[in-house]
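Below you'll find the structure I mean.
Letters A, B, ... mirror the listed sequences (proteins, then strands); counts begin at 1.
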Amino acid sequence: MQVPHPIQPSPPTNPHKRPHPQPHHQPHLHLHFPQLPHHALQLLTHLPPSPSLLFWWNRLIRTALRDAAPRKALNLYKQMLCLGWNPDHYTYPFVLKASGELPTSSCVGFSLHSHVCVNGYESNVFVSNALVAMYGKCGVLGDARKVFDEMSQRGVCDGVSWNSIVSAYARNGEPGAALGMFVLGGEVDAVSLVNVLPACASGGKEVHGYALRSGLVEDVYVGNAVVDMYAKCGMMGEAKKVFEGMEVKDLVTWNAMVTGFSQSGEFDDALVLFEKMWENEIELNVVTWSSVISGYAQRGLGFEAMDIFRKMILSRSAPNVVTLVSLLSGCAAVGALIQGREIHGYAIKHMLNRPYGDLGEDIKVQNALIDMYAKCKSFDTAHSLFNSVLPEERDVVTWTVMIGGYAQHGDANESFKLFSLMLQLAYIPNAFTISCCLVACARLSALRFGKQIHAYVIRNRFESAMLFVANCLIDMYSKCGDVDTARYVFNSMVQKNFISWTSLMTGYGMHGRGEEALQIFDRMQEAGFAPDGVTFVVVLYACSHSGMVYRGIKYFQTMQREYGVIQGAEHYACMVDLLGRAGRLNEALDLIKGMPIEPSPIVWFTLLSACRTHGNVELGEYVAGRLLDLESQNDGSYTLLSNMYANAGRWKDVARVRSLMRSAGIRKRPGCSWVQAKKGTASFFVGDRSNPQSQEIYELLADLIQRIKVLGYVPETSFALHDVDDEEKGDLLSEHSEKLALAYGILNSAPGTPIRITKNLRVCGDCHSAFTFISQIVDHEIILRDSSRFHHFKKGSCSCRGYW
DNA sequence: ATTGTCGTCT
């Protein structure tokens, strides 16, 4: 068979096959190399290996690389090996580049390296340079450096070698080493600048200056890298200046600006630029679209992200994995299940299980889908999707999204099961996994499990993520009722950030330890952290839960003047709570009336809650009216109003509210409590008799109530009736979920150990009083967490000192 | 032949 000469290939002809239709915009390609890959491959597979024809294999591999199909390139390489061909020093740089572009493991790279050595090409400078680059992209810095050092010992390093090693350090989070090698390298070209600019985290003014002086800034790659460097440093002013000064801009330049604005919080500017790209009829690529979609998604604007996606499809731009992952995270953020399903359909059709597609890419879409379904509370779909991913294809994110989904939106116990299964199957959790488990612990107040996770963290050093993990531990310990251990974790931190301080302060606030919270507030400022809006919410919350009315007012008054933090609706809500708990209802009302911004439902709700506590029906009715105008679907508002009437003995009004609720189709959320004991977590609804120990529980409860009555406990009948629901029988005082949980806790805990109870709603007043008395006669400290705060009952008193 | 810019998840 006649084979075209390799140097000037003439088109191979096959009369039996019509040429494939070629895109119209590539006429030259069509003329010179029609169907090159297809026919050449056919020829090559039928020819005996010969060095003079190796050219064709190399050419095929290069073509695959140009088509951004590295897996295909590697398959070609495999194929040629199978057919008995020997690669040469031209082949290796291509295949090494291909393996570097695969998002998954370095295994391929290692075996290619061994092929290189076996065939004796490691002394070729091109091959060695490609090896350095490949190891850099696979994140194997040590081997990149080893190859580089061997070259430099032989004295064969060229400019490309230096550029490659700089790039290796820069892209693997070693900016210092990258800059060091850049300085050592001496010879500087455009590529050197492009490689070193990402390492200039705190501004690369010098490199930018050099680019200007040398004229290399004219190179559009260099200009883009400069724009991107400023954008990543948050110096959008500088970025914009460079952008406007660039004579040659390309799509990447625009994209870098759009992303820069979006990531530095100036999303409106990003959108302006995006519009401008439309107007200038710049052909947008997948990066542009993904960038805008991710901008919306990160701001929780899932529906807007969806609109951009539709626009993208209409303009015939092909979404890729990144686009879908961004989009799904937007759907997850707003719980947009329908839209999420739409994306799922799109993914099945266009994205998953493609030939030459990469499994390492597929798993990212799968993870994002699982996350989306879990956050949209479709746990069955999420779990079956999770199960459908083969265990060997799962990665740590697959596990983490599933664990996190259950922890935050579903069954936290399920998180624990998954976590232990994950460890059994020898997957390595990362800081995010740990964080999700700690969220689950906090939700259930599962202190024992939380301590096990803490122990795991100590055994398996989390080095660079330790700050993040420790912050999560502080939160977990606080929410599990052990703020002293939270403090211990805080004290032992080598490095603290804003979140560390805020978390601990929140912890003290929750436990009514306002003095300590305010000490932390002062120490935090001494440590150089300026308080912001969130900090003041925490401060005011701590004051109100500790009865520190005067100081709360003081902070509220000075936060704007002295700290420059503008008062938002959330701060007003805290103040209403603070005044309300102290019984200063009219002052709270005046505060709301004087608000410069529209009062949010939560502000009115807080006042209504205070009206109920203090039995001010007249004001309560007014407040309820305002509240229901704003938000008529919240079961809590109706319950408060009804309880308030019950308190005042106005049973007709109670019935009126109940029927109002019924006609609006609103049901009271049932109270539920759970308790940790030796046997694990047990949960109880009102009048619950499903627990196997039910009989003992009710007997113990009756006994306890008899005994505390002697001590002066009087059942508060107003509360007894407050929860009476026409449909619910047996809603008696003694059957409240928290009382059942307490009895279970006493039955199943060793004397002297604290009993930890969590309730989904606010604790009822009668239970609070009963708990106080019971703590006098049992050998247990009782730690009760309700939806508002913690109550530590000890020897006949409660930590909330009446501010509950 | 080899080194180069922009977008993603927990």
Exercise. Counting only distance, no hydrogens or angles, is the base of dG7(B) paired donor-acceptor with the side chain of Asn320(A) under 3.5 Å?
Worked result: yes

Problem set entry | Protein-nucleotide distance (Leu327(A), atom CG; dG7(B), atom C1'), rounded to Å | 13 Å

Exercise. Do NZ/NE/NH1/NH2 and the carboxylate oxygens of Lys311(A) and Asp307(A) come within less than 4.0 Å?
Worked result: no

Exercise. Does OP1 or OP2 of dT8(B) have a side-chain N or O of Gln263(A) closer than 4.0 Å?
Worked result: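 Yes.
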
Exercise. For dC6(B), does OP1 or OP2 lie under 4.0 Å from any side-chain N or O of Lys249(A)?
Worked result: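 So the side-chain polar atoms of Lys249(A) never come under 4.0 Å of the phosphate oxygens OP1 or OP2 of dC6(B).
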
Problem set entry | Between C1' of dA1(B) and CG of Asn163(A), the distance in whole Å |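 Rounded to whole Å, this separation is 16 Å.
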
For this session: Give me the one residue out of Asp395(A), Asp362(A), Thr400(A) that meets side chain to side chain donor-acceptor pair (under 3.5 Å) with Asn367(A).
Result: Asp395(A)

Problem set entry | Rounded interatomic separation in angstrom, taking CE from Met229(A) and P from dC6(B) | 13 Å

For this session: Provide, to the nearest angstrom, the distance between the CZ atom belonging to Arg66(A) and the P atom belonging to dG4(B).
Result: 16 Å

For this session: Write down the distance between CZ (Phe309(A)) and P (dT8(B)), rounded to a whole number of angstrom.
Result: 17 Å

For this session: Classify the nucleic acid contact of Val286(A) as base, sugar-phosphate or nothing, counting any heavy atom under 4.0 Å across all strands shown.
Result: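 It contacts base atoms.
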
For this session: May I have the distance from Asn129(A) (atom CG) to dT2(B) (atom C1'), rounded to whole angstrom?
Result: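 One finds 5 Å between C1' of dT2(B) and CG of Asn129(A), rounded.
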
Exercise. Can a salt bridge be assigned to the pair Arg310(A) and Glu342(A) using a cut-off of 4.0 Å between side-chain N and carboxylate O?
Worked result: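 Looking at Glu342(A) together with Arg310(A), the answer is yes, because their closest N to O distance falls below 4.0 Å.
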
Exercise. What's the closest nucleotide to the Val321(A) side chain, out of dT10(B), dC6(B), dT8(B)?
Worked result: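 Selected nucleotide (nearest to the side chain): dT8(B).
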
Seminar exercise, completed: Rounded to whole Å, CD of Glu187(A) lies from P of dG4(B) at a distance of 16 Å

Problem set entry | Side-chain ion pair, Glu304(A) and Arg299(A), N-O less than 4.0 Å |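 No salt bridge links Glu304(A) with Arg299(A).
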
For this session: Could you summarise the pairing of DNA chain B as dot-bracket text, marking Watson-Crick and G-U pairs under 3.5 Å with ( ) or [ ] inside the strand and | across strands?
Result: ..........

Exercise. Phosphate oxygens OP1/OP2 of dC9(B): is one of them under 4.0 Å from a side-chain N or O of Lys375(A)?
Worked result: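 It does not, given that no N or O in the side chain of Lys375(A) lies less than 4.0 Å from OP1 or OP2 of dC9(B).
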
Exercise. Got a salt bridge between Asp149(A) and Lys146(A), using NZ or NE/NH1/NH2 to carboxylate O under 4.0 Å?
Worked result: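 Salt bridge flag = no for Lys146(A) with Asp149(A).
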
Exercise. OP1 or OP2 of dA1(B) less than 4.0 angstrom from a side-chain nitrogen or oxygen of Arg59(A), does that happen here?
Worked result: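 No, Arg59(A) has no side-chain N/O under 4.0 Å of OP1/OP2 on dA1(B).
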
Problem set entry | Taking every non-hydrogen atom, the tightest pair across Ala431(A) and Ala465(A) | CB-CB, 3.5 Å

Exercise. Just to confirm, is there a sub-4.0 Å distance from OP1 or OP2 of dG4(B) to any side-chain nitrogen or oxygen of Ser167(A)?
Worked result: yes

For this session: Step by step, work out the ring pair (Phe, Tyr, Trp, His ring centres under 6.0 Å) result for Tyr135(A) and His113(A).
Result: CA-CA 10 Å; Tyr135(A) 278 127; His113(A) 191 172; 5.5 Å; yes

Exercise. Once you round it to whole Å, what is the distance between P of dC6(B) and CG of Asn255(A)?
Worked result: 10 Å

Problem set entry | Lys232(A) side chain near dT5(B) phosphate (N/O to OP1/OP2, under 4.0 Å) | no

